[in-house]
Structures are given as C-alpha cells and as structure tokens.
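Lettering follows sequence order; numbering is per chain, from 1. Note that this is a predicted model, so its numbers are computed, not measured.
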There are 2 protein chains.
Amino acid sequence: MLSTVQVQSIKAKPVQRTCTNCNVRDICLPADMAQQNLPLMSQFITRTIHVKRGTRIFSAGQTLHSLYAVRLGVFKTRMMNEHHREQVTGFYMAGALIGADALASGRHTYDAIALEDGEVCELSYARIDAQTQSSPAFQAYLYRLMAHEINRLHHATLLLRDTAAVQRVVAFLFNLSDEFALRGYSHKSFLLRMTRNEMASYLGLSIETVSRILSRLQSMKLIQMQNRLIELLDIPELKKTMKGDDCQEN
Amino acid sequence: MLSTVQVQSIKAKPVQRTCTNCNVRDICLPADMAQQNLPLMSQFITRTIHVKRGTRIFSAGQTLHSLYAVRLGVFKTRMMNEHHREQVTGFYMAGALIGADALASGRHTYDAIALEDGEVCELSYARIDAQTQSSPAFQAYLYRLMAHEINRLHHATLLLRDTAAVQRVVAFLFNLSDEFALRGYSHKSFLLRMTRNEMASYLGLSIETVSRILSRLQSMKLIQMQNRLIELLDIPELKKTMKGDDCQEN
DNA sequence: CGTTAACTTGACGGCCCTCAAGAGAGGTGG
DNA sequence: CCACCTCTCTTGAGGGCCGTCAAGTTAACG
C-alpha cells in the first residue's frame with residue numbers, strides 16, 4: 001500500500017527534543033516567536049513520540065493529559081456516529097495542533113490516528129496549565145493554533161452546507177495543495193495520504209461519488225491521477241469548477 | 001415581527017459593568033472561577049455594549065479589536081459564499097464568546113449580527129494580549145470558551161456530513177432546548193429567535209425542507225408549533241427520530 | 001499466486017432542491 | 001378600523017443529484 005512501512009523496528013522510543021533544532025519549527029511556530037522564544041517553547045515539549053501507521057495518539061473519552069503538535073506524517077481525527085460508522089472530522093499535517101477540543105471538558109471528544117508513520121511533540125497539559133503565565137509567547141502560540149482550528153472548522157461547515165459534490169472534492173484538493181505548498185512541497189502534484197473512504201467521510205459524500213468525480217475530473221483533463229498520486233493539470237479551470245459556475249447550491 | 005422592538009431610545013450607551021454584579025456570570029464563567037476571580041475578570045471587560053436587532057458587532061475582514069461575550073440576546077455568525085448568499089455558521093446565546101477565530105490572523109472572518117436587541121461584554125484584545133500572563137484564570141476562561149467552540153463545530157460538521165434532513169432539524173431543536181435549559185428556561189417550550197431562512201442556512205437545507213419537516217413533526221404530534229413558538233410534545237419519540245431509526249445516512 | 005482491501009463503474013431509486021403560488025402576520029397610512 | 005404592502009412561512013409539483021446496491025478491476029502483500 002504505502003511504501004513507507006518498512007524499517008520501522010526502532011519505533012515508539014521517546015526522544016528528547018527541543019524546538020531549537022526542529023526542522024518544522026517555521027511551520028509550527030509563528031514567525032515572530034520562532035526567532036525569539038525557542039528555548040521558552042521547548043520547556044513545554046515533554047518528548048517526541050513516534051506513532052506507527054494506524055495507531056492512535058489518543059481516543060475519544062480519554063482524559064486530557066497532553067496536546068500534540070504534529071512533527072511528521074499525516075493524522076486524522078474521527079468520531080463515531082450512532083450507527084458506529086466512522087466520521088472523519090479533520091486531517092492534520094506538520095505544525096498542526098491536535099486535541100485542543102479537550103480543553104473544554106478535560107476529555108478528548110474524538111480519536112486521533114496516524115495515516116502513516118509519524119511523530120508528534122507532546123505538550124504536557126499539566127505544564128501548560130501550571131506555567132502558561134510565565135510564557136506569554138506560548139499562550140499566543142496556543143491561541144493562534146486554536147483559532148486556526150476554529151477557522152478551519154468554520155470553512156468546513158460552509159463547504160458541507162452549500163456546495164455540490166464536485167465543488168467539495170475540488171476544494172479539498174486545493175486545501176491539500178495549499179498545505180503542501182506551505183511546507184515546501186509541490187502544490188501541483190502530491191500524494192494523498194488518506195483512503196477514498198476517509199476522504200469521502202470527511203467530505204460528507206459516499207466513496208462511489210468521490211471516485212466518480214475524480215474519474216470525471218481526469219477524463220476532463222483537469223487532473224491526472226494514478227492511485228493516490230494526484231496532479232492538478234488545469235488549475236484555472238479547476239478553480240472555476242470549485243466556484244460553481246453552474247450555480248447549483250442550496 | 002418580534003415584539004421586542006419598542007422602547008429602544010436609550011440604546012447604544014456603553015455601560016461600565018463588572019462581572020461581580022452580572023446576572024449571567026454563572027453561565028459565562030466556569031464555576032471555580034466565578035467564585036474566586038470575579039474582580040480579576042472584570043478588568044478585561046472594557047464595557048457593555050447594547051446591540052440593536054439586525055446590527056453587527058463586527059464584520060468579516062475587520063481587524064480584531066475585541067472579543068465579545070454575549071450578555072443578553074441571541075446572535076448569529078455568518079459568512080457569504082461565492083454566490084453572495086448568506087451562510088449562517090452559528091447561533092450564540094448568553095455566556096458564549098464570539099470572535100475568537102480572529103486570534104489566528106488578526107482579522108475577523110465572519111459577521112456577527114444580533115437577532116434581537118441584546119448586550120455584549122467587550123473584551124479588549126489589547127488587554128488580553130498584554131495582560132493574560134497576570135491572570136491565569138482569564139487564560140483558562142479563554143481556552144475553555146475556544147475549546148467549546150471547537151467542540152460545537154466538530155459536532156456541527158458531523159451533523160452536516162451524515163444525517164438526513166429530519167435528523168438535523170430535530171438535533172437542532174434539542175440543541176436549542178439544552179441551551180435554554182442551561183440558562184434556566186423551559187427545555188420543552190421555547191421561542192425561536194431566528195427565521196426559517198437562518199435555520200435552514202445553518203442546517204444546510206432549503207427553507208422549504210425545514211418548513212415541511214416542522215409541519216410533518218407537528219402532524220405526527222411530536223411537536224406543537226405556533227409561528228416561532230416551539231413545544232416539544234413527545235421527547236422520547238423525537239430522540240428516536242434523531243437517532244435515525246430508518247438508517248439513512250451516507 | 002492467492003487473498004484481502006481498496007478502488008472503479010454501472011443501474012436505479014429516493015431525498016431534497018428548485019420553481020411557483022398562496023396563506024399568514026406585522027406594520028403603516030388613510 | 002380597514003386596506004394595503006411586505007416579509008415570512010407553508011404547501012404542491014417536478015426533476016436532478018447523489019446514495020445504495022452490486023459486480024468487476026486493481027493493488028498490496030505474504
């Protein structure tokens with residue numbers, strides 16, 4: 001399947017790490033902070049945890065012990081609905097914060113699962129709770145990441161509320177494209193880390209619909225697709241599709 | 001329309017107010033904090049603002065000056081989609097925090113509008129930014145409210161992703177019911193503050209579908225309806241409806 | 001090479017959206 | 001007080017998008 005499952009014998013070994021020597025710090029931390037407060041930040045990083053593909057960082061219902069900043073890999077969050085079917089509520093790449101919802105009740109409300117082998121930085125809640133006042137920079141960091149999550153969710157609900165299936169899929173591809181670009185990867189050609197099922201679940205569509213739409217986009221020469229490798233061929237036309245030139249909203 | 005538009009001559013007058021004598025503080029503030037840190041909290045409240053029905057607290061694109069805690073009334077947040085149609089992304093009652101999304105970029109991403117005459121407490125961003133380290137209680141308060149918003153949005157996306165129209169409407173009624181109960185009002189009988197249009201927009205449905213569903217629920221004796229006054233008649237049966245006994249999800 | 005999971009493609013039907021028109025409520029002016 | 005206007009809401013008819021069901025194809029891996 002994914003070719004990343006290989007020399008994975010040296011895993012699950014916690015590594016003491018600081019933000020200073022972290023290669024994703026420019027994404028993870030706001031620019032002004034990355035330069036000034038790296039040592040300060042690092043005291044909140046309990047450790048770096050290796051997470052194997054398919055395993056959980058935390059589960060719904062667990063009491064909050066830590067927040068997690070993604071260092072490497074892609075993660076999904078999910079909830080189960082009444083029919084015990086998985087509902088994917090988000091995908092998270094390097095620099096994202098996972099688990100902040102639990103700051104309300106003290107319990108996590110969803111599962112966080114690695115889509116591929118990855119690493120997360122553990123931000124101890126005890127330290128956050130006890131020491132934030134000594135580090136305004138860290139507060140700002142947390143506020144910013146939480147606000148970012150609120151933004152993402154607002155836009156997600158907007159997408160789910162009033163756009164046709166094609167528009168959702170294309171918007172999703174552009175979202176991924178932006179995320180990759182932000183991290184220095186190509187924005188025109190990238191590898192999907194999630195299954196069609198997870199993608200469909202996130203978009204509120206059936207897997208067949210997603211598959212059909214991707215096929216159609218390919219036959220229209222708007223994208224090129226080989227399994228999970230996606231290439232955006234005609235970005236202007238794709239953007240027109242996303243805007244919904246045929247005006248079929250609610 | 002709403003009979004609340006009347007003796008509205010003494011409005012828009014900022015009132016110096018403290019949390020200590022606020023009658024919604026038990027909803028607004030976490031319990032442990034309400035007892036200990038009221039004086040501390042109050043220093044962040046710049047003023048209380050009266051907001052007239054239909055007017056905005058802030059608009060999308062505006063730079064962030066303050067966050068707002070709802071003191072009285074009901075507010076909606078909305079964004080405009082590509083076709084310049086309103087998309088309602090949330091309803092907020094007393095104790096809710098509005099505007100936290102702007103902590104990410106420094107700009108508001110949606111409009112916040114009063115559905116009826118109300119009051120909000122202005123939390124100056126300048127003071128938040130400069131002084132939070134001196135007040136861990138206030139930090140906890142903000143984290144909690146933001147986390148609460150994240151939770152709400154997660155559940156909103158879940159609802160939009162995989163539930164039929166009836167289930168969305170009923171879930172919405174129960175949400176309102178819970179909110180009213182939390183504030184000491186009847187959970188079985190309450191007045192909708194939003195138009196059918198706003199409700200439909202929030203639920204990702206057309207206004208006709210919402211209207212039809214409410215009519216059907218009434219003809220099934222599950223609810224009683226007179227204009228915007230809703231009474232939940234058969235709560236157990238409604239809950240069964242919401243759970244989706246006919247198994248029609250994505 | 002066999003098994004399993006992931007993905008694609010087709011046929012069909014139902015939910016819900018669109019279009020359209022009418023009913024009800026609230027406000028205003030004569 | 002009633003006519004009139006406007007906004008909101010309801011109800012009906014028809015059609016299209018997308019979900020379900022089903023079967024076949026491809027990829028991954030031992």
Look for any protein N or O under 3.5 Å of an N or O in nucleotides 11-15 of chain D and output each such pair with its distance, or none.
{"residue": "D:dT11", "atom": "OP2", "partner": "B:S215", "partner atom": "OG", "Å": "2.5"}
{"residue": "D:dG12", "atom": "N7", "partner": "B:R212", "partner atom": "NH1", "Å": "2.7"}
{"residue": "D:dG12", "atom": "O6", "partner": "B:R212", "partner atom": "NH2", "Å": "3.4"}

Whole-Å distance separating the [atom1] atom of [X] from the [atom2] atom of [N]:
X      : N      : atom1 : atom2 : answer
B:H83  : C:dC17 : NE2   : C1'   : 14 Å
A:M199 : C:dA6  : CE    : C1'   : 14 Å
A:R161 : C:dC16 : CZ    : P     : 17 Å
A:L214 : D:dC18 : CG    : P     : 14 Å
A:M194 : C:dC7  : CE    : C1'   : 16 Å
B:R193 : D:dT8  : CZ    : P     : 17 Å
A:N197 : C:dA5  : CG    : C1'   : 10 Å
B:Q167 : D:dG19 : CD    : P     : 15 Å

Between A:E237 and A:D234, is there a donor-acceptor pair closer than 3.5 Å when you use the side chain of the first and the backbone of the second?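 Pair absent, no side-chain N/O of A:E237 close to backbone of A:D234.
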
For the backbone of B:V88 and the side chain of B:S201, can you confirm whether one donor and one acceptor N or O come within less than 3.5 Å of each other? yes

If you check the A:M225 side chain, which of D:dC18, D:dA27, C:dT8 turns out closest? C:dT8

Selected nucleotide, minimal atom distance to B:A165 side chain, candidates C:dC16, D:dC18, D:dA27: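 In terms of side-chain proximity for B:A165, the closest of C:dC16, D:dC18, D:dA27 is C:dC16.
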
Which atom pairs, donor and acceptor, lie under 3.5 Å between side-chain atoms of residues 91-101 of chain B and protein residues at least two apart or in another chain?
{"residue": "B:Y92", "atom": "OH", "partner": "B:E149", "partner atom": "OE2", "Å": "2.8"}
{"residue": "B:Y92", "atom": "OH", "partner": "B:R152", "partner atom": "NH2", "Å": "2.8"}
{"residue": "B:D101", "atom": "OD1", "partner": "B:Y110", "partner atom": "OH", "Å": "3.0"}
{"residue": "B:D101", "atom": "OD2", "partner": "B:T109", "partner atom": "N", "Å": "3.1"}
{"residue": "B:D101", "atom": "OD2", "partner": "B:T109", "partner atom": "OG1", "Å": "2.4"}

Could you tell me whether B:K76 sits above the aromatic face of B:Y202, with NZ or CZ closer than 6.0 angstrom to the six-membered ring centre and within 45 degrees of the axis?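 No, cation not above the ring by the 6.0 Å, 45° rule.
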
Can you name the residues that form a side chain to side chain donor-acceptor pair (under 3.5 Å) with B:E179, not counting sequence neighbours?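 With neighbours one apart ignored, the set is B:R183.
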
For A:S59 and A:R56, which I'm curious about, is there any donor-acceptor pair between the side chains at under 3.5 Å? yes

In plain terms, say whether B:R53 and B:E116 are close enough for a salt bridge, that is, a side-chain N and a carboxylate O under 4.0 Å apart. no

Using OP1 and OP2 only, check whether a side-chain N or O of B:R228 sits under 4.0 Å from C:dA25. no

